Trainee: 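To start, I am sharing the structure in question, which I have written as structure tokens.
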Amino acid sequence: MHGSNSRASDRFDPQDFDRVLSSMCTRTHPEAAAMARRFMDDSPALPEVYETVVKLERRAVDLLGEVVGLDEPHGYVTTGGTEANIQAMRTARALGDTEAPNAVGSEALHFGFVKAADMLDVQLRLAPTDEDNRVDLTEVRRLADEDTVLVVGVAGTTEYGIVEPIPELGEIAASVDAQFHVDAAYGGFFLPATDHDWQFGHAPVDTMTIDPHKAGQAAIPAGGFLARDVEMLDALAVDTPYLERTSEATLTTTRSGAGPASTYAALEALWPDGYEAAYERERANAEWLADAFRERGYDVVDPELTIVAADVPNDVFERLSEKGWRILRTGEDELRVVCMPHVTREMLESFVADLDAVREETTGGAAA
Ligand SMILES: *Cc1c(COP(=O)(O)O)cnc(C)c1O
């Protein structure tokens with residue numbers, strides 16, 4: 001018997017979000033959390049058994065369609081952006097007419113595409129980005145050829161939140177008759193409140209990734225895979241040998257109902273006004289922080305959406321980590337802050353106060 005006053009699992013606490021500055025995930029919206037708990041045992045993989053969660057998923061996909069400008073969306077709630085991107089590449093390979101398929105995008109592509117290309121035996125061709133972290137379109141054009149089955153544009157890159165030129169990339173895809181996929185895993189819930197061209201109504205987009213479990217404020221695991229044509233989903237379907245199921249387009253079989261149910265609840269609660277308000281707040285916070293870094297003499301990559309990167313010296317970075325700030329660096333070693341719903345102005349003020357204290361103690365102060 002265990003002691004009467006504690007269970008072993010009580011000794012473990014989840015990460016407190018109060019100092020999390022470099023994560024694209026955030027606190028789940030309360031209504032989405034409640035729905036995740038209610039439906040976590042229901043698997044949409046068995047529609048004959050778990051009818052309601054399948055209906056919820058359909059509603060969630062329809063609402064996601066509104067977010068991405070697609071009237072009759074086809075798709076499903078994936079485990080995340082990685083699965084959605086794998087599925088986009090699978091569709092493209094299945095529908096492409098070549099023995100030696102390749103996919104073209106920029107160096108800013110999420111590393112999950114490397115896994116997808118590896119599993120699917122598709123050659124991944126990445127065009128370089130310039131000193132402003134922007135894709136070189138001439139290079140994308142050069143890399144695309146008759147064996148290109150997929151061109152990917154990122155609407156909000158993981159490192160800097162940059163929105164790649166989606167209409168131009170779509171034209172390149174069309175010029176080689178390739179599928180055009182937009183990865184809006186991070187940006188998808190911010191972009192409707194901006195002037196960027198990024199979605200199905202703005203360019204000849206075939207498939208899209210959008211992650212409810214990031215700025216959508218749904219529970220993990222919830223990604224979105226959306227397609228313009230049903231053929232693209234059909235291309236993923238395999239015949240299943242069991243029961244009365246005839247085909248299955250998803251990548252995993254057993255799936256948690258928490259993702260679809262919480263995606264539905266988050267969208268009902270927040271789309272569109274709640275997401276717009278959240279974006280305005282997070283964007284203002286990102287600009288405030290960029291100014292704070294700049295005033296202290298650091299080089300800053302200006303936020304295009306809600307990500308700020310600053311060239312903070314290593315010793316300063318280390319001391320901030322020691323103070324409990326959960327911060328990560330970019331590939332260029334910049335300190336990268338992702339302003340998500342849990343990142344409040346107060347939190348950033350407290351972070352900048354710690355930054356000032358640390359600068360007093362370290363040679364990092366010399367940067368100013
Ligand atoms: C986060 C992210 C992914 C991966 O999504 P997961 O949900 O972590 O699998 C893919 N692409 C972009 C642009 C991302 O920001």
Side-chain angles (χ1 to χ4, degrees), residues 20-26 28 32 36 60 64 67-68 75-90 103 105-119 124 126-127 129 133-135 150-166 169 180-191 194 196 198-199 205 207-226 250-252 255-256 258-260 262-263 266 279 282 286 301 303-309 328-331 336-341:
V20 173
L21 288 180
S22 295
S23 175
M24 288 185 159
C25 290
T26 191
T28 301
L64 286 172
V67 177
V68 304
Y76 71 98
V77 177
T78 65
T79 53
T82 302
E83 179 181 341
N85 288 335
I86 291 169
Q87 293 288 67
M89 194 178 280
R90 265 185 83 205
S106 83
E107 271 175 353
L109 245 55
H110 189 267
F111 59 80
F113 281 101
V114 178
K115 301 182 195 175
D118 180 45
M119 283 187 281
L124 191 59
L126 302 180
T129 52
N133 310 302
R134 309 257 160 202
V135 58
L150 183 71
V151 173
V152 182
V154 192
T157 60
T158 309
E159 274 207 316
Y160 299 107
I162 284 168
V163 185
E164 294 189 332
I166 300 302
L169 288 163
F180 183 41
H181 176 69
V182 172
D183 181 1
Y186 155 74
F189 287 93
F190 298 130
L191 287 160
T194 71
H196 289 283
W198 66 285
Q199 38 100 311
V205 179
T207 51
M208 184 175 290
T209 293
I210 177 170
D211 257 5
H213 69 201
K214 290 180 178 170
Q217 303 179 40
I220 302 169
F225 174 64
L226 297 167
T250 57
L251 192 59
T252 58
R255 296 190 285 140
S256 171
S262 68
T263 297
Y279 172 68
E282 288 144 32
V301 180
E304 184 148 308
L305 294 173
T306 71
I307 298 175
V308 186
L328 298 172
R329 287 184 243 248
T330 65
R336 167 176 162 281
V337 173
V338 188
C339 292
M340 295 301 287

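This is a predicted model, so every value here is computed, not measured. Atoms within each ligand, like the ligands themselves, are counted from 1 in listed order.
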Trainee: Please work out, at 4.0 Å between heavy atoms, whether the side chain, the backbone, both, or neither of N85 comes within that distance of ligand 1.
Mentor: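 The answer is the side chain of N85.
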
Trainee: Going by the closest heavy atom to atom 11 (N) of ligand 1, which one wins out of T79, T158, D183?
Mentor: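 Of the listed residues, D183 has the closest heavy atom.
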
Trainee: Is H213 touching ligand 1 with its side chain, its backbone, both, or neither, if touching means heavy atoms under 4.0 Å apart?
Mentor: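 Looking at H213 and ligand 1, just side chain atoms fall under 4.0 Å.
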
Trainee: Under 4.0 Å from any heavy atom of A185, which atoms of ligand 1 are there?
Mentor: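 Matching atoms, with element in brackets: 2 (C), 3 (C), 10 (C), 11 (N), 12 (C), 14 (C).
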
Trainee: Going by the order shown, which atoms of ligand 1 are within less than 4.0 Å of some heavy atom of G80?
Mentor: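 Those qualifying, in numeric order: 7 (O), 9 (O).
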
Trainee: For atom 10 (C) of ligand 1, find the nearest protein heavy atom and state the residue, atom name and distance (0.1 Å precision).
Mentor: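 Sorting protein heavy atoms by distance from atom 10 (C) of ligand 1 puts H110 CG, 3.3 Å first.
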
Trainee: Just by distance, do the side chain of H213 and the backbone of A222 share a donor-acceptor pair under 3.5 Å?
Mentor: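 Judged by distance alone, yes, a pair lies under 3.5 Å.
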
Trainee: Whether the side chain of S262 engages the backbone of A36 through a donor-acceptor N/O pair (distance < 3.5 Å, no angle test) should be reported.
Mentor: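 The answer is no, because no donor-acceptor pair under 3.5 Å joins these two groups.
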
Trainee: Heavy atom of P221 under 4.0 Å from ligand 1?
Mentor: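 P221 does not count as a contact of ligand 1 under the 4.0 Å cut-off.
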
Trainee: Would you check the N or O atoms of E83, main chain and side chain alike, for any that come under 3.5 Å of an N or O of ligand 1?
Mentor: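 No; the residue has no nitrogen or oxygen that sits under 3.5 Å from a nitrogen or oxygen of the ligand.
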
Trainee: Quick check: G156 and ligand 1, any N/O pair under 3.5 Å apart?
Mentor: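 No; every N/O pair is 3.5 Å or more apart.
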
Trainee: Can any side-chain N or O of E83 pair as donor or acceptor with the backbone N or O of G223 at less than 3.5 Å?
Mentor: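 Flag not set: sc E83 to bb G223 has no pair under 3.5 Å.
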
Trainee: Show me the donor-acceptor pairs, under 3.5 Å and distance only, between side chains in residues 180-189 and residues at least two apart or in other chains.
Mentor:
from: H181; atom 1: ND1; to: T207; atom 2: O; distance (Å): 3.2
from: H181; atom 1: ND1; to: T207; atom 2: OG1; distance (Å): 2.9
from: H181; atom 1: NE2; to: N85; atom 2: OD1; distance (Å): 2.8
from: H181; atom 1: NE2; to: T209; atom 2: OG1; distance (Å): 3.1
from: D183; atom 1: OD1; to: A185; atom 2: N; distance (Å): 3.0
from: D183; atom 1: OD2; to: N85; atom 2: ND2; distance (Å): 3.1
from: Y186; atom 1: OH; to: T306; atom 2: N; distance (Å): 3.0
from: Y186; atom 1: OH; to: T306; atom 2: OG1; distance (Å): 2.7

Trainee: What atoms of ligand 1 come closer than 4.0 angstrom to any heavy atom of K214?
Mentor: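 Selected atoms, number and element: 1 (C), 2 (C), 3 (C), 4 (C), 5 (O), 14 (C), 15 (O).
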
Trainee: At a 4.0 Å threshold, what atoms of ligand 1 neighbour a non-hydrogen atom of D211?
Mentor: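 That gives atoms 5 (O), 6 (P), 7 (O) of ligand 1.
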
Trainee: What are the atoms of ligand 1, with element, lying closer than 4.0 Å to any heavy atom of Y186?
Mentor: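 Near Y186, meaning under 4.0 Å from one of its heavy atoms, ligand 1 has 15 (O).
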
Trainee: Side chain or backbone of T82 under 4.0 Å from ligand 1, or both, or neither, by non-hydrogen atoms?
Mentor: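 Within the 4.0 Å criterion, T82 contacts ligand 1 through backbone and side-chain atoms alike.
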
Trainee: Classify the side-chain pair Q87/T78 by whether it contains a donor and acceptor separated by less than 3.5 Å.
Mentor: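 Judged by distance alone, the side chains do not pair up.
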
Trainee: Return the residue, atom name and 0.1 Å-rounded distance of the protein heavy atom closest to atom 6 (P) of ligand 1.
Mentor: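 Ranked first by proximity to atom 6 (P) of ligand 1 is G81 N, 3.3 Å.
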
Trainee: Taking V163's backbone N and O only, do any of them form a donor-acceptor pair with E304's side chain (distance below 3.5 Å, no angle check)?
Mentor: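 Judged by distance alone, yes, a pair lies under 3.5 Å.
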
Trainee: Taking the side chain from E107 and the backbone from L126, do they hold a donor-acceptor pair closer than 3.5 Å?
Mentor: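 Looks like no, no N/O pair under 3.5 Å.
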
Trainee: Is R255 reaching over with its side chain to a backbone N or O of P260, donor-acceptor style, under 3.5 angstrom?
Mentor: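 No, the answer is negative, given that no donor and acceptor are paired below the 3.5 Å cut-off.
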
Trainee: Please work out which of the three classes, parallel, tilted or perpendicular, describes the rings of F225 and Y76, given edges at 30° and 60°.
Mentor: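 Because their plane-to-plane angle is over 60°, the rings of Y76 and F225 count as perpendicular.
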
